[in-house]
> 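The structure under discussion is supplied below as structure tokens; questions concerning it will follow.
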2 protein chains.
Amino acid sequence: MTTRDHALLRIAVDLVILTVREGALQTLVVIRGNKPFAGQFALPGGFVRAGEGLDDAAVRELAEETGLDGGSLHLEQFAVYGEPDRDPRGRVVSVAYLAIMPDLPVPTAGSDASGAAWVPVSKIHGSLAFDHDRILTDAVERARRRLELTTLATAFCPAEFTIGDLRSVYEVVWGESLDPRNFSRKVINTEKFIEPTGAKRIPPTGRPAALYRAGGATTLNPPIMRNRSR
Amino acid sequence: MTTRDHALLRIAVDLVILTVREGALQTLVVIRGNKPFAGQFALPGGFVRAGEGLDDAAVRELAEETGLDGGSLHLEQFAVYGEPDRDPRGRVVSVAYLAIMPDLPVPTAGSDASGAAWVPVSKIHGSLAFDHDRILTDAVERARRRLELTTLATAFCPAEFTIGDLRSVYEVVWGESLDPRNFSRKVINTEKFIEPTGAKRIPPTGRPAALYRAGGATTLNPPIMRNRSR
DNA sequence: TAGCTTGGTGTTGTTATGACATAAACTCCA
DNA sequence: TGGAGTTTATGTCATAACAACACCAAGCTA
């Protein structure tokens, strides 16, 4: 083989942006304007520019697609997809990022995407362009496991949230219901997971709920494990 | 920006091959024969070839460096390193793989590497070429966490091993000692983690130990958590 | 003020865990 | 042949974590 037999290729970042909306785990997808797969749904993303770092590219794409500051929310590289034939345009290796955000009114006034929309993960599954179905599946599994061991759940919540909000995140992402009372105790007894703000939120009906903000911790000790037996 | 402003680059795989040797966690390093960093230690790896998948490239490099069949041992992609200036030769994005193997007499009759050697992780730390120190650190941390939640520890062991062997893996990788009796109970009570072969190993002195092989499980339920408080 | 709804705390029986004690199996050697 | 020494395997027990469930608290509405 010659020295020139090295793979010369382009590298891209793809974003799996997850949030909890309307009681469902949803992801942001774009409708592709160009070939290939024109008109079909795909994950937001794009090519890494010359001289640009991977994380920088992910932050930039996130800003372009959602108008949000990528530095302020959870953004985490989680896998690479590099099958030679995964992109019909040629060799493209894609670095996949997992982004978590609260349910904000996203402008999605993006430029690249001809349209961006939130869709429930359970609905979109099986109809994405390229190998994005697999990327999405991997991302969701990653997020589910991350809830067990890290404070990732707070990234789904706004700055102030109730324990019920936090529990709802777990229930929606895991797809199983949790005991509210035991959940409260676990969360409160975990050091630095959440800290009270002192304020309360008054619901249309029922007792007011204390508000909390995310604590300093990133890892959960002890972990909050889902029930794998069921 | 123009369409041609996309990063055109080469992609490489780097391997962190871990084993437990002589009571220490060791990794395989090569001495670089070419510039840059000639004569310095580095992780084994190389460029991905045209038309070659990432996992395929990792398996190939593993075979070249160690003479071992990559398909038969644990090989897992764990991170991507793509800072624009991480390689003085130009833009190189590296996909890092974590390989785990038992303490076999490795031929290391490689072709690329002018020399390959096992070195304790604690010794080599801080003296590797490129950004390989960081890659190694990330890999070790990954392996440590994987021991908690998966059956990765069996990958450090030969086909047949005792519970003491398995415990030793945990102790060496985690750097802390575990209670043999409680460890036994946990391991045996975990479904499909290990299964007895029926045979025994007779040590030079002491009671023979029952031999086990790896069970079918890949995830550990419940997990075996290290003591984070200490 | 009764009734509804949601949030938060107690109680209890069961299971997992950590610390430590003891028995079992083998070799060596007197 | 029968300890002594060494390593593996199993047992015990107090405590901690946990799931399931009862109950109380705090707001609103009627």
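By convention in this document, chain letters (A, B, ...) are assigned in the order of the sequence lines, proteins followed by strands, and residues within each chain are numbered from 1.
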> Send over the distance from B/Leu166 CG to D/dT8 C1', rounded to a whole Å.
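Taking atom C1' of D/dT8 as the reference, CG of B/Leu166 is at 15 Å.
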> Mind calculating the distance between CG (B/Asn182) and C1' (C/dT22) to the nearest angstrom?
15 Å
> Under 4.0 Å, heavy atoms only, any strand: does A/Pro222 hit a base, just the sugar-phosphate, or nothing?
nothing
> Between A/Gly206 and B/Pro208, who's closer to the 5' end of DNA chain D by nearest nucleotide?
B/Pro208
> What is the ring orientation for B/Phe130 with B/His132, classed by angle as parallel under 30°, tilted 30 to 60°, or perpendicular over 60°?
tilted
> Determine whether the aromatic ring centres of B/Phe161 and B/Tyr212 lie less than 6.0 Å apart.
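Ring centres of B/Tyr212 and B/Phe161 not closer than 6.0 Å.
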> When you match A/Arg185 and A/Arg207 each to their closest nucleotide on DNA chain C, which lands nearer the 5' end?
A/Arg207
> Mind calculating the distance between CG (B/Asn189) and C1' (C/dT17) to the nearest angstrom?
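Going from B/Asn189 (CG) to C/dT17 (C1'), I get 12 Å.
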> Can you measure A/Arg181 atom CZ to D/dA25 atom P for me and round it to whole angstrom units?
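Taking atom P of D/dA25 as the reference, CZ of A/Arg181 is at 16 Å.
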> Between B/Glu148 and B/Lys186, is there a salt bridge with N-O shorter than 4.0 Å?
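Salt bridge between B/Lys186 and B/Glu148, a charged N being under 4.0 Å from a carboxylate O: no.
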> Rounded to whole angstroms, how far apart are CG on B/Asp179 and P on D/dG11?
16 Å
> Taking for each residue the nucleotide of DNA chain C with the nearest heavy atom, is it B/Pro223 or B/Thr205 whose nucleotide lies nearer the 5' end?
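The 5'-side residue here is B/Pro223.
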> Output the rounded distance in Å from CE (A/Met225) to P (D/dA19).
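Whole-Å distance recorded here is 11 Å.
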> Is it true that the side chains of B/Tyr81 and B/Asp138 contain a donor and an acceptor less than 3.5 Å apart?
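B/Tyr81 vs B/Asp138: donor-acceptor pair found between side chains.
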> Whole Å only: how far is the CZ atom of B/Phe183 from the P atom of C/dA16?
18 Å
> Is the phosphate of C/dG18, meaning OP1 or OP2, less than 4.0 Å from a side-chain N or O of B/Lys186?
yes
> Between D/dA19 atom C1' and A/Ile224 atom CD1, what is the distance in whole Å?
14 Å
> Pick base, sugar-phosphate or nothing for B/Pro203, based on heavy-atom distances below 4.0 Å to the nucleic acid.
nothing
> Centroid-to-centroid, A/Phe78 to A/Tyr97, below 6.0 Å?
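No.
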